[in-house]
Amino acid sequence: MAASPAAAAALLILFALGAAGGVAADGSDHRYKMYEPVPLYANKVGPFHNPSETYRYFDLPFCSPEKVKEKSEALGEVLNGDRLVDAPYKLDFRSEVESKAVCSKKLTKEDVVKFRNAVAKDYYFQMYYDDLPLWGFIGKVEKGGKADPSEWKYYLYRHIIFDILYNNDRVIEINVHTDQSALVDLTEDKETNVDFLYSVKWKETPTPFEKRMEKYSSSSNMPHHLEVHWFSIINSCVTVLLLTGFLATILMRVLKNDFVKYAHDEEAADDQEESGWKYIHGDVFRFPKNKSLFSAALGTGTQLFALTTFIFLLALVGVFYPYNRGALFTALVVIYALTSGIAGYVATSFYSQLEGTNWVRNLLLTGCLFCGPLLLTFCFLNTVAIAYSATAALPFGTICVIVLIWTLVTFPLLVLGGIAGKNSKSEFQAPCRTTKYPREIPPLPWYRRTIPQMAMAGFLPFSAIYIELYYIFASVWGHRIYTIYSILFIVFIILLIVTAFITVALTYFQLAAEDHEWWWRSFLCGGSTGFFVYGYCLYYYYARSDMSGFMQTSFFFGYMACICYAFFLMLGMVGFRAALFFVRHIYKSIKCE
C-alpha cells in the first residue's frame with residue numbers, strides 16, 4: 001500500500017532534520033547520581049543590546065581546551081544562532097568547588113584589546129547547564145562620573161560563581177554571578193597574566209522538577225505586569241470593537257435603505273436610470289487585471305494564514321515553552337513546507353475560476369511570491385553575518401538541508417496542490433452577468449483613491465495590535481520572554497475581525513461611488529496593516545531600543561520587512577475573502593437584469 005504524500009513529506013523532513021545535526025534532546029531523563037558529570041555547554045557571546053549579533057564563545061580568548069567539542073544541534077537551534085560547545089568548567093552533581101583554577105593565561109595586547117572592546121559593548125555570555133539557560137556579563141566599565149570614554153576604566157571578570165539548586169537527583173535551577181573583587185584591568189594595551197577561577201555552590205530546594213522552567217516565564221506572568229497587560233489589551237480591544245460595531249450599525253442601516261430604495265425603484269419604473277452600487281452590477285464581477293498574480297497572492301496568503309494558525313495551536317498547547325531551543329524555527333520550517341500544497345491548490349483553483357489558462361506559470365509565481373523575496377533577503381543578511389563571523393551565518397550543511405526540504409517537500413506538495421486545484425473545475429459564482437464592455441469609472445476625489453484608502457484601512461487593525469507589538473518586539477529583538485500566548489491569540493482573532501470589517505466597509509463605499517475595480521483594492525486595503533507594522537519598526541528601533549551597528553540594523557529591518565510582507569499577504573487574503581463574501585451577498589439580494 002503506497003504511503004500518502006503527507007506521510008512521505010513528514011519522513012523527508014525528519015530525515016532532513018536529522019541531517020542538520022541530530023535531535024535536540026539527548027535522551028537523558030535529567031537524573032544524576034552524586035558527583036556524576038552534568039553537561040555544561042557554552043553557547044555564545046555578544047553585545048547585550050544587539051540580539052542578532054552573537055559570536056562563538058571561544059571567539060573571545062577565554063580558557064579553551066586543546067580541541068573544542070561541539071554539540072550536535074537540530075535545524076531550529078542552528079537557525080536560532082546557537083553554537084553549543086563543551087564549557088571549560090566542570091560542574092559535577094552536588095560537588096562543591098571553591099575558587100578552582102580553570103587555567104592561567106597570558107593575555108597578549110591583542111587579547112586585551114579584544115576583551116576591552118567586548119566589555120565596552122556590554123558583552124554577555126550564555127551557557128546551558130542540564131538544558132537550563134544562564135547568562136552573565138564578561139566585565140564592567142567604571143566611568144567615575146567622567147564623560148570622556150578615554151578616561152573610563154575597563155575590567156574583566158575572572159572569577160565566576162555558579163549557584164545551583166537541586167531536588168533529590170535532579171537539577172532545578174542555576175544562577176551565575178561574578179566576584180567583584182577578582183577583576184583584571186583592561187584599560188591599557190599591555191600584556192597581563194590572568195588566573196581564571198570558578199566556584200560551585202549547591203543548595204536543596206523543594207521545587208519539583210516539572211516546575212523548573214516556570215522561573216523563566218514568571219517575569220511576564222507577575223500579577224502586576226499581567227494585570228497591566230490585560231488592562232491595556234482589553235482597553236484597546238473594547239475601543240476598536242466599539243468603533244467597529246458603530247460602523248457596522250451605520251453600514252447595515254445604509255444597506256437596508258439601499259435595498260428598500262432599489263426594490264421601490266423596480267416596482268415604480270423599470271426604465272428609471274439606476275445609480276449607486278446597483279448601477280455597476282454588470283461590471284462588479286469583471287475579473288481583475290493581472291489575474292495570475294492576484295491568484296498567487298491569494299494562495300500564498302492562505303498558506304501563511306494556515307501556517308499562523310498551526311503555530312498558534314502549538315503555542316497554546318505548550319510546545320514553545322521558554323528556551324525550548326529552536327522549537328519555533330523548526331516548526332516554522334516544517335509547517336511552511338507541509339502547507340505549500342494549500343497555496344498551490346488555492347492559487348490554481350481560483351486562477352481557473354478566473355478563466356486563466358497558463359496554470360503552470362501561475363503555480364511557479366505562487367511558489368516564488370513569498371520565497372523569492374525571503375531568499376534574496378536571506379542571501380544578503382547571511383553574507384553580512386559571514387563578514388562579521390557571527391553565529392547567525394548559517395553553515396553550508398544547514399543551507400543544503402533547507403534546499404533539500406524545499407526541493408523534496410515544499411515544491412512537490414505545491415505542484416500536487418496545483419494539479420488538484422486545476423482539476424477541481426469549479427466555476428466562479430457570480431450572481432450577476434458581466435457585460436461585454438466595462439463602464440467608465442466616474443472621476444473620484446483624492447481620498448477615494450487607493451493609497452488614502454489603504455491608509456484608512458490599515459489604521460484601525462493596527463490600533464488593535466500596537467500594544468501587543470511592543471511585547472512581541474521586546475521578546476524577538478530583546479531579552480524578554482513572551483509566554484502569554486492566550487492574549488496574543490485573542491488579539492489575532494480581533495485583528496482578523498477588524499481587518500475583514502474595515503475592508504468590507506471600504507468596498508461598499510467604493511461600489512457606492514460606482515467604482516467597480518474592487519478586487520485589488522480590497523486585497524491592498526486588507527494587507528495595508530503590514531505597512532503600519534513596518535512603520536512601527538522604525539519607531540521601535542529609534543525610540544524603544546538600543547540596537548546599533550550595520551549587522552543588527554540590517555537583520556532588524558531585513559527580516560522585519562519579510563515578516564511585514566507576510567502580514568500583507570495574509571491580511572490581504574482575509575480582506576479580499578470578506579469583501580467577496582459581502583459583494584456576492586448584496587448582489588444576490590437585488591434583482592439584476
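When reading the values below, keep in mind they use all heavy atoms of this one structure, side chains included, and skip hydrogens, waters and symmetry mates. Being a predicted model, the structure only gives us computed values, none of them experimental.
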Original post:
Should the ring pair F568 and F531 be called parallel, tilted or perpendicular, given that the plane angle runs from 0 to 90° and is split at 30 and 60?
Top reply: perpendicular
**OP:** State yes or no: are the ring centers of F312 and Y485 separated by less than 6.0 Å?
**Re:** no
Subject >> S554 side chain to Q552 side chain, donor-acceptor N/O pair below 3.5 angstrom >> reply: no
**OP:** Examine the side chains of T410 and S340 and answer whether a donor and an acceptor come within less than 3.5 Å of each other.
**Re:** no
Subject >> Sub-4.5 Å side-chain heavy-atom contact between L60 and F125 >> reply: no
**OP:** Please answer whether the main-chain N or O of D195 pairs with a side-chain N or O of R158 as donor and acceptor at a distance below 3.5 Å.
**Re:** yes
Subject >> Note, F115 side chain near V194 side chain (heavy atom, < 4.5 Å) >> reply: no
Original post:
Only one of K33, R94, R31 forms a salt bridge (charged side-chain N to carboxylate O under 4.0 Å, His left out) with D169, so which one is it?
Top reply: R31
Original post:
Centroid-to-centroid, W477 to F555, below 6.0 Å?
Top reply: no
**OP:** Let me know which of Y35, Y129, W202 forms a ring-ring contact (aromatic ring centres under 6.0 Å, His included) with F93.
**Re:** W202
Original post:
Strictly under 6.0 Å, is that where the ring centroids of Y470 and F473 end up?
Top reply: no
Original post:
Side-chain contact, heavy-atom cut-off 4.5 Å: L165 with T207?
Top reply: no
**OP:** Provide the closest heavy-atom pair for V78 versus P395 in the form atom of the first, atom of the second, distance.
**Re:** CG1-CD, 3.6 Å
Subject >> More than 12 heavy atoms from other groups under 6.0 Å of CZ on F489 >> reply: no
**OP:** Indicate yes or no for a side-chain donor-acceptor contact from R480 to the backbone of A474 under 3.5 Å, with no hydrogens or angles considered.
**Re:** no
Subject >> Close side-chain approach of N50 and M551, heavy atoms under 4.5 Å >> reply: no
**OP:** Rounded to the nearest 0.5 Å, what's the gap from CE on M213 to CG on D131? Could you check?
**Re:** 8.0 Å
Original post:
Roughly how far, to the nearest 0.5 Å, is CG of L84 from CE of M127?
Top reply: 10.5 Å
**OP:** Check whether any side-chain N or O of E70 sits under 3.5 Å from a backbone N or O of R83 as a donor-acceptor pair, and report yes or no.
**Re:** no
Subject >> Heavy atoms of other groups near F411 CZ, more than 12 under 6.0 Å >> reply: no
**OP:** To the nearest 0.5 angstrom, please state how far the OG1 atom of T54 sits from the CG atom of D59.
**Re:** 10.0 Å
Subject >> Gamma sulfurs of C63 and C103 within less than 2.5 Å >> reply: yes
**OP:** For the pair S475 (side chain) and Y471 (backbone), establish whether a donor and an acceptor sit closer than 3.5 Å, ignoring hydrogens and angles.
**Re:** no
Original post:
What is the distance from atom CD1 of I174 to atom CZ of R212, rounded to the nearest 0.5 Å?
Top reply: 10.5 Å
**OP:** Identify the residue among V171, I164, V97 that makes a side chain to side chain contact (heavy atoms under 4.5 Å, CB included) with L91.
**Re:** I164
Subject >> CD on Q303 to CG on L414, rounded to 0.5 Å >> reply: 8.0 Å
Subject >> W135, Y123, F137 screened by ring-ring contact (aromatic ring centres under 6.0 Å, His included) with F48, the one that passes >> reply: F137
Original post:
Would you say the side-chain atoms of H49 pair up with the backbone N or O of S548, donor to acceptor, closer than 3.5 Å?
Top reply: no
Original post:
Heavy-atom distance under 4.5 Å between the side chains of Y540 and F556, does that happen here?
Top reply: yes
**OP:** To the nearest 0.5 angstrom, please state how far the SG atom of C368 sits from the CG atom of L374.
**Re:** 12.0 Å
Subject >> Side-chain touch L469/F462, heavy atoms, less than 4.5 angstrom >> reply: yes
Subject >> Worked verdict on D185 versus T192 for side-chain contact (heavy atoms from CB on, under 4.5 Å) >> reply: CA-CA 9 Å; D185 192 345; T192 181; over 6 Å; no
Subject >> Donor-acceptor under 3.5 Å (T187 side chain, Y154 main chain) >> reply: yes
Original post:
Short question: side chain of S199, backbone of S99 - any donor-acceptor pair under 3.5 Å?
Top reply: yes
Original post:
Should the heavy atoms of other residues, nucleotides or ligands under 6.0 Å from NZ of K121 be counted, would the total exceed 12?
Top reply: no
**OP:** Give me the one residue out of K140, H159, K153 that meets side chain to side chain contact (heavy atoms under 4.5 Å, CB included) with L183.
**Re:** K140
**OP:** Please check if atom CZ in F310 has more than 12 non-hydrogen atoms from other residues, nucleotides or ligands closer than 6.0 Å.
**Re:** no
Subject >> Test of ring centre spacing under 6.0 Å for F62 and Y57 >> reply: yes
Subject >> Pair Y32-D130, side-chain donor/acceptor within less than 3.5 Å >> reply: yes
**OP:** Spell out, as yes or no, whether a donor-acceptor pair under 3.5 Å connects the side chain of N43 to the backbone of D82.
**Re:** no
Original post:
If we only count heavy atoms from C-beta on, is the Y534 to M560 side-chain gap below 4.5 Å?
Top reply: yes
Subject >> Y336 side chain reached by F370 side chain, heavy atoms, under 4.5 Å >> reply: yes
Original post:
With a 3.5 Å cut-off and no angle check, do the side chains of K211 and N167 form a donor-acceptor pair?
Top reply: no
Original post:
So, does W152 use its side chain to make a donor-acceptor pair with the main chain of K146 at under 3.5 Å?
Top reply: yes
